[in-house]
Amino acid sequence: MKKIIEWFKSPKSDFALFVLLLILLNVTGINAYKRFDCTQPKSYSLSRASKNIVKNLNAPLSVRVFFDKNLPSQCQTIEQYVKDLLDEYKGVANKNFSVSFMDMSKPKNVELAENLGLSQVQIQEVKNNEVGFKQVYMGLALSYADEVEVIDSIDSTDGFEYLITSTISKMISTADALAGLPADEKIKVTLYLSDSLNGLGIQGIDQTEKTVKAVFDNVNKAKQGRLVYNSVHPDSLQVDDIVAHYGIQGVSFDKDGKTEKAAIGVVLEAADDFVILPVYITRSIFGNMIAGLDVLENSINEGIQNLVSKPDQIGYIAGHSEHDINKEEECLYFNQLLSQRYKIVQIDLLNEDIPTGITTLIVNGPEFPYNEEELYKIDQFIMRGGNVMFFLDGLKQNPAKQNFMDGQPSFIAKQNTIDGLLEKYGITRGYNFVLDKQCYVSNSRETGRTEMYWAPELQKKQLNQKHPVTKNLGYVYALAAGSIDVKTDNPDLTVTALAKSSDKSWLYDGDGIFSTEFLRPSDESNMKSENLFVLVEGKFTSAFDKAVVSKPEASSENEGNAVQAFETSSYISKAQVPGKIFISGSSQCTTSQLIDPNATNPAAMLILNAVDYMNGNEDLCVMRTKGLSISTFDRKSPVLAQFMKIFNMFILPLIAGLSFFIVWNARRKRKIRINSKYNPDDSRTIVKKSRKRREV
């Protein structure tokens with residue numbers, strides 16, 4: 001024992017102890033390690049949304065990984081990334097998160113993968129100097145409550161975190177609408193019903209409170225007592241404040257020579273947010289009656305979903321020859337990508353109101369104008385905190401006058417009544433195309449090099465690098481986009497230019513031949529940057545001075561009956577809840593010209609990011625583009641681009657080689673000088689001996 005202790009104390013043990021230390025450090029590092037992500041967009045770190053969603057799981061969530069063994073090298077990289085990312089999830093998740101790696105060499109796991117709907121991927125494999133193909137499994141299956149989702153055919157790591165997190169979020173939202181609500185917090189259901197409405201001959205008014213309470217009891221029982229009920233009977237003096245705050249229906253009528261006011265509506269509230277349910281007085285051919293009670297249970301469930309989880313429904317306005325979301329040559333890909341997370345609901349504003357569960361509307365390239373009632377519905381939707389995305393073209397092809405020179409079309413201004421609504425909010429769009437010298441360049445044998453000025457290339461400095469919608473994008477192509485100008489004196493609004501053209505851009509208003517040769521600017525002094533994508537958010541002021549109400553046709557069955565005359569209105573003049581308006585100067589950015597089926601195009605990412613941001617999912621915006629940021633050089637000219645190519649390929653390596661030789665030679669001479677000064681008699685210095693011979 002004494003010899004062992006002495007050996008440890010002696011220098012002989014140093015190497016052995018050093019090896020032992022390395023082994024212990026590696027063992028410790030397996031279980032206790034820290035990763036540092038030094039990339040600018042944090043490409044290798046979990047986003048805040050991903051961490052939050054797995055930290056707060058209320059039920060078991062299992063992830064089963066189905067990857068075959070002995071994958072080719074290009075697939076092994078993907079497999080390792082998937083494993084590393086799932087380890088990151090597991091490291092921050094609570095006890096309800098679990099990951100299992102399935103051994104695909106066992107037949108029962110192959111059968112399980114088939115039952116879950118996973119399909120094999122055909123990959124190319126090089127073996128024994130021969131190229132062949134191999135069928136392998138590369139997918140995941142996620143299970144939460146009774147929900148099962150599969151992520152199949154994982155052939156890329158791009159946007160993989162976004163795919164997992166959005167899938168988990170969707171499953172939780174579907175399984176339990178109250179999962180995101182703190183355990184000690186309840187949703188408040190309030191019925192506002194003025195007592196003065198009872199004497200106005202409204203059908204069903206006497207049963208309204210009883211019906212609402214009965215529906216509430218059923219829903220509250222299903223939600224394990226997470227709701228609380230309240231009924232308020234406002235008098236005439238309280239009505240204006242309640243209607244202005246919530247936007248429920250207000251009623252005005254004459255009583256004893258005086259104007260009386262009343263209110264009716266059902267409101268869901270959670271924290272500082274609220275949702276109005278569609279319970280109101282409607283005018284029919286049979287007289288005045290209460291509407292919305294027959295679907296109140298569904299309305300409450302949808303309202304709860306909207307309050308405590310991310311919205312999953314988007315309204316798509318139809319009826320004015322907007323782009324068809326079911327046609328591949330138009331917006332089919334846009335529809336398919338949105339449908340992966342949201343439910344698209346087409347809405348005909350002329351014949352129906354905007355459903356309760358909708359928080360975002362899309363107005364996409366309408367050909368025909370909107371009437372006043374339709375514009376009013378959009379306006380009041382915004383006043384209630386709704387969000388609207390406008391994709392409007394500045395010019396349209398003129399069918400009455402075609403310019404047959406070189407087959408080029410003629411364009412005219414594409415005006416719409418919706419412009420009047422936007423102008424009330426301070427938004428003015430130009431009836432033009434923004435042309436830009438910094439644009440997409442086509443090269444072909446037939447036409448040679450063609451600069452497509454109407455397809456501006458928006459480089460990183462033209463994209464807002466502080467906003468989550470455009471933060472990680474390196475470049476984006478626009479197409480046939482009109483200019484947008486926003487000037488508002490409303491202090492409650494914030495205006496953000498998401499993307500601009502370069503300072504080498506100018507406007508085309510449809511006058512002249514639409515050809516590259518004729519579109520070149522004659523005067524470059526008027527060139528300036530133009531807004532192409534703009535976001536306005538905050539508390540808007542209504543574009544209407546009063547309510548716009550449609551009147552039903554009179555019925556012969558109702559003629560002669562004495563019905564109390566009164567006016568109903570849920571008009572809101574000033575929003576109490578912030579809303580958002582996104583406006584694009586072109587609807588082409590939603591079509592298959594710029595959006596591909598897998599959303600790998602930066603233009604597609606921008607639009608999808610904008611949709612997520614409008615629906616309150618801004619964390620998903622950064623997550624989608626994380627790892628995809630591309631920093632591009634500012635392209636000044638083809639000559640400069642060619643020079644930079646040659647410089648990087650040949651000149652830069654040459655400079656590096658010369659630098660190495662210069663440094664090596666300087667160090668050699670320095671060593672000689674030091675030896676000559678401090679050790680001139682050193683026999684090992686060959687240079688010194690040769691100098692002595694020369695001196696002799």
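Expressed to the nearest 0.5 Å, how far OG of Ser339 lies from CD1 of Ile325 amounts to 7.0 Å. Expressed to the nearest 0.5 Å, how far CG of Leu606 lies from OH of Tyr613 amounts to 13.5 Å. Annotation: the span from Ile205 atom CD1 to Thr208 atom OG1 amounts to 4.0 Å, rounded to 0.5 Å. To the nearest 0.5 Å, atom CZ of residue Phe274 and atom CD of residue Gln576 are 7.5 Å apart. Put simply, CD on Gln346 and CD on Glu352 are 10.0 Å apart, with the number rounded to the nearest 0.5 Å. Going from atom CD1 of Ile248 over to atom CD1 of Ile572 covers 10.0 Å, rounded to the nearest 0.5 Å.
In this structure, a donor-acceptor pair under 3.5 Å is absent between the side chains of His323 and Asn364. A donor-acceptor pair shorter than 3.5 Å can be found between the side chains of Asp379 and Tyr425. Using modelled atom types and a 3.5 Å distance limit, the side chains of Tyr342 and Asp612 yield a donor-acceptor pair. In this structure, a donor-acceptor pair under 3.5 Å is present between the side chains of Ser587 and Asp393.
Between the Asn609 side chain and the Thr470 main chain, no donor and acceptor come within less than 3.5 Å of each other. In this structure a side-chain-to-backbone donor-acceptor pair under 3.5 Å is missing from Glu269 to Lys188. The backbone N or O of Glu373 sits less than 3.5 Å from a side-chain atom of Asn371, completing a donor-acceptor pair. A donor-acceptor pair under 3.5 Å links the side-chain atoms of Asn220 to the main chain of Leu227, judged by distance alone. A distance-only check finds a donor-acceptor pair linking the side chain of Ser166 to the backbone of Leu163 [under 3.5 Å]. Side-chain atoms of Ser47 do not come within 3.5 Å of backbone N or O of Ala49 as any donor-acceptor pair. For Asn230 (side chain) and Thr190 (main-chain N/O), no donor-acceptor pair under 3.5 Å exists by modelled atom type. A donor-acceptor pair under 3.5 Å is absent between the side-chain atoms of Ser194 and the main chain of Ser196, judged by distance alone. Gln249 places a side-chain N or O within 3.5 Å of a backbone atom of Ile281 that can act as its donor or acceptor partner. Side-chain atoms of Ser236 come within 3.5 Å of backbone atoms of Lys261 as a donor-acceptor pair (strictly under, hydrogens ignored).
Residue pairs meeting the salt bridge (Lys or Arg N to Asp or Glu O under 4.0 Å) criterion with at least one partner in residues 416-432, sequence neighbours excluded, are Asp419-Arg429.
Two residues are said to be in side-chain contact when any heavy atoms from C-beta on lie closer than 4.5 Å; Ile264 and Ile290 meet this criterion. Proximity of Tyr376 to Leu421: side-chain heavy atoms (C-beta onward) are nowhere separated by under 4.5 Å. Side-chain contact check for His467 versus Leu498: some heavy-atom pair is nearer than 4.5 Å. Looking at heavy atoms from C-beta onward, Asn615 lies out of side-chain contact with Asn387 at the 4.5 angstrom threshold. Residues Val243 and Tyr192 fail the side-chain proximity criterion, which asks for heavy atoms closer than 4.5 Å. When side chains are defined from C-beta on, Ile168 counts as touching Leu142, because their heavy atoms get closer than 4.5 Å. Looking at heavy atoms from C-beta onward, Leu338 lies out of side-chain contact with Tyr316 at the 4.5 angstrom threshold. Residues Tyr431 and Lys414 form no side-chain contact, since every pair of their non-hydrogen atoms from C-beta on lies 4.5 Å or further apart.
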From CA spacing to verdict: side chain to side chain contact (heavy atoms under 4.5 Å, CB included), Ile304, Arg226: CA-CA 11 Å; Ile304 292 172; Arg226 301 297 300 276; over 6 Å; no
Verdict with supporting geometry, Asn96 and Asn58, side chain to side chain contact (heavy atoms under 4.5 Å, CB included): CA-CA 7 Å; Asn96 288 319; Asn58 294 326; 5.6 Å; no
Could you please spell out the steps behind the side chain to side chain contact (heavy atoms under 4.5 Å, CB included) verdict for His320 and Thr417? CA-CA 12 Å; His320 308 85; Thr417 52; over 6 Å; no
Could you walk me through whether Leu293 and Val212 pass side chain to side chain contact (heavy atoms under 4.5 Å, CB included), step by step? CA-CA 7 Å; Leu293 294 178; Val212 172; 3.9 Å; yes
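Val388 is linked by a side-chain contact (heavy atoms from CB on, under 4.5 Å) to Leu361, Val363, Ile378, Phe381, Ile382, Phe390, counting only residues two or more places apart in sequence or in another chain.
Paired with Val486 under the rule side-chain contact (heavy atoms from CB on, under 4.5 Å), one option of Val534, Asn531, Leu422 passes, and it is Val534. Tested against Asn351, the residues Leu349, Ile347, Asp348 include a single side-chain contact (heavy atoms from CB on, under 4.5 Å) partner, Asp348.
The nearest pair of heavy atoms linking Glu322 to Glu330 is O-OE1, 4.4 Å. Counting all heavy atoms, side chain and backbone alike, Glu374 lies closest to Tyr370 at OE1-CA, 3.4 Å. Across every non-hydrogen atom of Ala478 and Leu532, the tightest pair is CB-CD1, 4.1 Å. Taking each heavy atom of Val577 and Lys539 in turn, the nearest pair found is C-CG, 4.4 Å. The two residues Ser299 and Leu277 come nearest to each other via the heavy atoms O-CD2, 3.4 Å. Across every non-hydrogen atom of Pro234 and Ile242, the tightest pair is CB-CD1, 3.6 Å.
More than 12 heavy atoms of other residues, nucleotides or ligands lie within 6.0 Å of CG in Asp195, so this atom counts as buried by the packing criterion. Within a 6.0 Å sphere centred on NZ of Lys574, heavy atoms belonging to other residues, nucleotides or ligands number more than 12. Residue Glu372 qualifies as open at atom CD: its count of foreign heavy atoms under 6.0 Å is 12 or below. Applying the 6.0 Å contact sphere to NZ of Lys500 captures no more than 12 heavy atoms from other residues, nucleotides or ligands.
With respect to the salt-bridge test (charged N to carboxylate O, under 4.0 angstrom), the residues Lys213 and Asp217 qualify.
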